[in-house]
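Written below as structure tokens is the structure these notes are about.
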Amino acid sequence: MTCQKTSHNFTKIAFKPLHTNLFNIVLLSIFLTIGAGKLYSQDTTKKATAIATKKQTDSSKTFVNNTGKSTTTIKKETDSIKKDTVKPQKAFLDGKVKYKAEKYVKIDQKKKLITLYDKAELYYQDVELKSGLIVMDYEKNEVYAGRIKDSTGAYKQYPNFKQGTNVVEPDSIRFNFKTKKALIWNSRSDQGEFKIKAAITKKENDSVYFLKGARFTTSKDVDNPEYYFQTNKVKFIPGKKVVTGLTNMVIADVPTPIALPFAFFPMSKETSISGLILPSYNDSNTRGFSLQNGGYYFALSNNYDLTVLGDYYTNGSYGMRFESSYAERYKYRGNLNVRFENLITSERGYPDYLKQKIYNIQWSHSKDSKSNPNSSFSASVNLGSSKYFRQSINQANIGSNLNNTLSSSVSYSKTFNSVPQVRMSLTATHSQNTQTEEINMTLPTLQVSVDRLYPFVGKDGVKKGFFKNINLQYNLSGKNSIVTTDSLFFKPQMFRNAKTGIEHTIPISTNFKLFKYFSASSSFNYREVWYTKTINRSYDDEQSKVVDNIVNGFDAYRTYSFSSSLGTTIYGTFNFGADKKIKSIRHVMRPSVSYGYTPSFEKYYDTYASDATGTMTKQYSRFEAGIFGAPGISNSNTLGFDLSNTFEAKVTDKDSTKVEPKKVMLLNNLNFSTSYNLNADGKTSLAWSPVRVSGGTQLFANKMNVNFGATLDPYAIDNSGTRINVYNIDNGGSLFRMTSANMTLNYAISSKEKDKTKKDKNVQSERNGGREDDLFGTNTDLNDSRKSQFSESEKEEDKISEFFNAKLPWDMTFAYSLTYGNNNREKKIIGNSIMISANADISPKWKAGVSTGYDFVQKGVTFTQLRFERDLLSWRMDFNWTPFGTNANWGFFIGIKSGVLSDIKFDKRSRTNR
């Protein structure tokens, strides 16, 4: 018995008799049951046809509807004279009968028959029946329905029988209203993901069904499937169990050796079914043979579940995974994955023997805003061993391998609707460098802010002018920061050097118009920092070095600063003429000047002896080791200059029907920024900071993103590469010395627009630390190989149905990066690489894709992956190959797409020696 996880929308599954949900869960191994019981031998179609064609003896009681439609109500005839000695006759029917037909309706009151022919419809109690021919025997409370022939002799108007929510579409049917028993020939019905066709189906009652000569498939065409499971006997009890006899798998109408002598499946109407998940076989040169991804699925409730999976290798390696999803409608939803692997490479005693333990924890949680609009809680956690994605035996995620960081965030926020309004948030963050294995955490960060107050606003509430716009705010930030490493994570040592502090800020600001065209703002900021421990620095004679001694106890410092800015917007238009293709170019400039002043807080600094003699002293602040740092020892007095530009053109639209010219963005932004230090002395500090230039635009109908940047230094450098107080132009150079520059191009095109195609395809890869595109290939989660390597977002009607069709879908992603370095006159390209990913449907059923690139500096091909996929209708086959590099591997998969039959597959792949 096997079971497959279902999608976690936690909707109750109603197993409907006979047609809508028989085996919603399973075939799970393969089906179907005992005894069809004693079946009726009458052919109801022949009987119904004979009754319809038989001459009526009582013509006075035959009614023909010339309009082709009639509605009749049959009621029990009653005797107006009450007789005590005779019991009243029981009614033939318990309710009203409504019916109609296209050609004719005949009523034989003597035989108690109603015959409907051509597009016949009958409604009685909870039964709806549509067919070419319907015969109702209202004395026996039975109805017969069958097909009719057209002028060519082909059958048409198959019966459609509906009782409650149950629908059956057979060749013919016989149903008793009293006993609720039915006999159905060649019934076709949908049961969850399955389509079922049975030669004969007997409905014993509302709780028991017997099927004979049944076939089960997930193919769309149940009459001509590419594969199916054949069984002769099935007993189905809705909501309780399914029992089957001998079941055989048939592919292309050829029986296979795959068979089960019998099967038993418990069923439940309330939740998904718990059950075994069959493992897959694999082997590795370094770990031996293995069984992977076997385990058990626990359907704990409608709101949450649990999947336990495990791997075992013959050399002793093993892995465990716990996956749970939970949700409650209109409140929250999320999932939790905990993974642990104990990996052994080679054999004990060999030089390449290695044993290591790796783990990964992922948790995502989102709260529905409808549950409480004044508070929110969210979580996005991805932490664990730095080597997990490189070493895991169940991940093939190249993007995660090459990513150097893992990050997490858990936050809660609440808004208090007071006057003024108060906002509070608690956040825990985690950042991990997988190369250095350093971990930075804040556990937690408390943020409290009080909404702005305008003390000088009048009763009219108008905020205009310098004084009326004066406002103040209060912000509180409390942090507890921990810096540790992989080896000390969650051990007592990681908490020893934790840093704790609380910062209070009160900004007072205002803004106003100056000379009508200038926007001015000014602000004064008061800052107070509290610490629970500080340092006392001194020279230790025993250790012969300077040491910092921790001083526990409350301490605080207070600072203040002032800043102001002045800016405007300048518009310029260059007209070329209404008859020109480029009619005009619009240039928008936004210059601004800012000033900032922070005084010196030397009072918070002390001196210490830096050597044994005590003659050499240096300054330090006892707050230096604090999480918010120490106040500045020297004052800051700077002017900042910024200039942002945008360029837009108006051109003649290619569409001749358009009257207005088309707007085209030439440069989204072109920014220049620098600053001038008013306190610079030319020796220890230089007046001008380097000019930073950055810009970006979009080309080719916004399909190509272009971003560039450069750093321009006005000062020259000496032979050691140190900046000197000599302008570069006075040192025989140009006005500015370019110290660095970079440019990136990203281009994505496709044969047709697809909303979020790339992002939807690799969401799992991105959540595991990879990329949202497939420039580094596609992520393969070995827990579930049924997922396609390619986008499956196309609508069914958009898919190609013919081989020779020029409109075969394709898409391509192109990325180019160039970096120039000249910080010390090296004048060299330090980075120059290109990456390309392309996917195409080479035929309606074949997909192919490639991801590759080239590094022009290292002169080598970057990560390369080839992938192919074949759509086999109900099945899917794929092959992916990374031909070279440290991640060289290949994988082959063929299996049924349906989640119910996910265990019917062949999955073989090589393992990288990681």
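- Between S378 and the options S364, S411, S409, a side-chain hydrogen bond (donor to acceptor under 3.5 Å, both in side chains) holds for only S411.
- Remark: K367 NZ is packed, more than 12 non-hydrogen atoms of other residues, nucleotides or ligands lying under 6.0 Å away.
- Between the side chain of T510 and the main chain of F466, a donor-acceptor pair closer than 3.5 Å is present.
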*List the steps, then state whether side-chain contact (heavy atoms from CB on, under 4.5 Å) holds for I550 with I535.*
CA-CA 5 Å; I550 302 298; I535 62 171; 4.1 Å; yes
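- Environment of OH in Y560: sparse, with no more than 12 heavy atoms of neighbouring residues, nucleotides or ligands closer than 6.0 Å.
- The backbone N or O of S375 sits nowhere less than 3.5 Å from a side-chain atom of S413 that would complete a donor-acceptor pair.
- Between L666 and T697, every side-chain heavy-atom pair lies at or beyond the 4.5 Å cut-off.
- More than 12 heavy atoms of other shown residues, nucleotides or ligands fall within 6.0 angstrom of atom CE in M665.
- Checked by atom type and distance alone, the side chain of S675 never pairs as donor or acceptor with a backbone atom of S689 at under 3.5 Å.
- Remark: the backbone N or O of G733 is not paired with any side-chain donor or acceptor of N731 at under 3.5 angstrom.
- Side-chain atoms of Y816 and N832 include a donor-acceptor pair closer than 3.5 Å.
- When the side-chain hydrogen bond (donor to acceptor under 3.5 Å, both in side chains) test is applied to E602, the partners found at least two apart in sequence or on another chain are Q619.
- Around the CG atom of N719, the shell of radius 6.0 Å holds no more than 12 heavy atoms that belong to other residues, nucleotides or ligands.
- Side-chain atoms of N679 and S636 include no donor-acceptor pair closer than 3.5 Å.
- Between Y727 and Y715, the ring planes lie parallel to each other; the angle is under 30°, not in the 30° to 60° tilted range.
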*Start with the C-alpha gap between Y531 and V529, add the side-chain angles, then the distance that decides, and say whether side-chain contact (heavy atoms from CB on, under 4.5 Å) holds.*
CA-CA 7 Å; Y531 286 136; V529 176; 3.7 Å; yes
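- The two atoms that bring N475 and S449 nearest to each other are OD1-CB, 3.2 Å, heavy atoms only.
- S385 places no side-chain N or O within 3.5 Å of a backbone atom of K387 that could act as its donor or acceptor partner.
- If you look at Y557 and Y605, their ring centroids are not closer than 6.0 Å.
- Here OG of S386 is found 10.5 Å from CG of N360. Values are rounded to the nearest 0.5 Å.
- Using bins of under 30°, 30° to 60° and over 60° for the plane-to-plane angle, the ring pair W530/F554 lands in the perpendicular bin.
- Residues F628 and I502 approach most closely at CE1-N, 3.7 Å, considering heavy atoms.
- Put simply, the side chain of N645 gets close to the backbone of L670: a donor and an acceptor are under 3.5 Å apart.
- In the displayed structure, K545 atom NZ is contacted under 6.0 Å by at most 12 heavy atoms of other residues, nucleotides or ligands.
- For R527, the salt bridge (charged side-chain N to carboxylate O under 4.0 Å, His left out) test picks out E503, with sequence neighbours left out.
- Around CZ of F562, the count of heavy atoms belonging to other residues, nucleotides or ligands within 6.0 Å exceeds 12.
- Classified by interplanar angle (parallel below 30°, tilted 30° to 60°, perpendicular above 60°), the ring pair F515/F518 is perpendicular.
- Side chain of N374 to main chain of N372: no donor-acceptor pair is present (N/O by atom type, distance under 3.5 Å, no hydrogens or angles).
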*Applying side-chain contact (heavy atoms from CB on, under 4.5 Å), run through L678 and Y597 and close with a yes or a no.*
CA-CA 10 Å; L678 297 174; Y597 176 76; over 6 Å; no
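- The aromatic rings of F641 and W688 sit tilted, their planes meeting at an angle between 30° and 60°.
- In this structure a side-chain-to-backbone donor-acceptor pair under 3.5 Å is present from T442 to T429.
- In this structure R723 satisfies the salt bridge (charged side-chain N to carboxylate O under 4.0 Å, His left out) test together with D713, sequence neighbours excluded.
- Judged purely by atom type and a 3.5 angstrom limit, E826 uses its side chain to pair as donor or acceptor with the backbone of N824.
- Aromatic rings of H365 and F377 (six-membered ring for Trp) have centroids within the 6.0 Å cut-off, being under it.
- Of the residues S521, S523, S519, the one that meets the side-chain hydrogen bond (donor to acceptor under 3.5 Å, both in side chains) test with S565 is S521.
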